[in-house]
Amino acid sequence: MRTTALAILAAAVLMGLAAPAAAGGSVWGTDRPWYRPGQAAELVGIVAWAHNPALGRPEDGPYVVHLVPEADDCYGCVPDGGLPLGELTIDLEPWQAPNGEWYGPFHAWLRFTVPYVPEGRYAITHCNVPCTKPLGDMTWGRLLVAGPRWQQRPV
């Protein structure tokens, strides 16, 4: 089960890295395609900041991740309704995917319990405290929370 979750995480991160990185940023990858409230979740993102002095660096942290209803159309910002999920861990080394390949130069991650929120799509945003900048070129992510109609489906 853990190997499958890591494979999904690697695929999500790798799919998210190609286009956004070329466009100037990277995205959060999740370890599953969807979650139920109360389940454990893990985010990982490949991040860089050396190419632009205006980007947030580890010393500008701590950085807090927020869950925002996707309808708020808030990528890269944290509105008043953002639900904090926890503080990022920043690793100053590349991330090794389950297939053995390395991606970097650095990575950040967060493990958290999916909060009890209505089903739907949520944006994953983050910023430092007091929310003046994001970490490096990390732009956004997406989390799908499944509701009661999914309760009979296997995870």
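The figures that follow rest on heavy atoms only: side chains count, while hydrogens, waters and symmetry mates do not.
For the residue pair V47 and P105, the shortest heavy atom distance occurs at O-CD, 3.7 Å. Of all heavy-atom pairs spanning A108 and L135, the tightest one is CB-CD2, 3.9 Å. Scanning all heavy atoms of the two residues, the minimum distance from G56 to K133 falls at CA-CD, 3.3 Å. Across every non-hydrogen atom of W34 and A146, the tightest pair is CE3-CB, 3.3 Å. Y63 approaches P134 most closely through the heavy-atom pair CE2-C, 3.6 Å. The minimum heavy-atom distance linking L55 with A48 is given by the pair CD1-O, 4.0 Å.
If you take CE on M138 and CG on L88, they are separated by 8.0 Å, rounding to the nearest 0.5 Å. Atom CD of residue E87 and atom CG of residue N128 lie 11.0 Å apart, to the nearest 0.5 angstrom. The structure places CH2 of W28 at 7.5 Å from CG of L110, a figure rounded to the nearest 0.5 Å. Rounding to the nearest 0.5 angstrom, the gap separating the OH atom in Y122 from the CG atom in L83 is 9.0 Å.
Residues W102 and I90 do not share a hydrophobic cluster, clusters being chains of Ile/Leu/Val/Met/Phe/Trp/Tyr side chains in contact below 4.5 Å. Note on L92 and L43: same hydrophobic cluster, where clusters join Ile, Leu, Val, Met, Phe, Trp and Tyr whose side-chain heavy atoms are under 4.5 Å apart, directly or indirectly.
Note that R111 lies in the cation-pi zone of W109, set by a 6.0 Å cut-off to the ring centre and a 45° limit from the axis.
The backbone N or O of V44 lies less than 3.5 Å from no partner atom in the side chain of H107, so there is not a single donor-acceptor pair. A distance-only check finds a donor-acceptor pair linking the side chain of N99 to the backbone of E101 [under 3.5 Å].
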Original post:
Going through the distances and angles, do F112 and V65 end up as a side chain to side chain contact (heavy atoms under 4.5 Å, CB included)?
Top reply: CA-CA 10 Å; F112 63 97; V65 176; 6.0 Å; no
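Two residues are said to be in side-chain contact when any heavy atoms from C-beta on lie closer than 4.5 Å; D137 and H51 meet this criterion. The closest side-chain heavy-atom distance from P37 to V145 is below 4.5 Å.
Aromatic ring orientation, F106 versus W49: parallel (interplanar angle below 30°, classes split at 30° and 60°).
Under the side chain to side chain contact (heavy atoms under 4.5 Å, CB included) rule, T125 has a single partner from V68, T139, L85, L67, which is V68.
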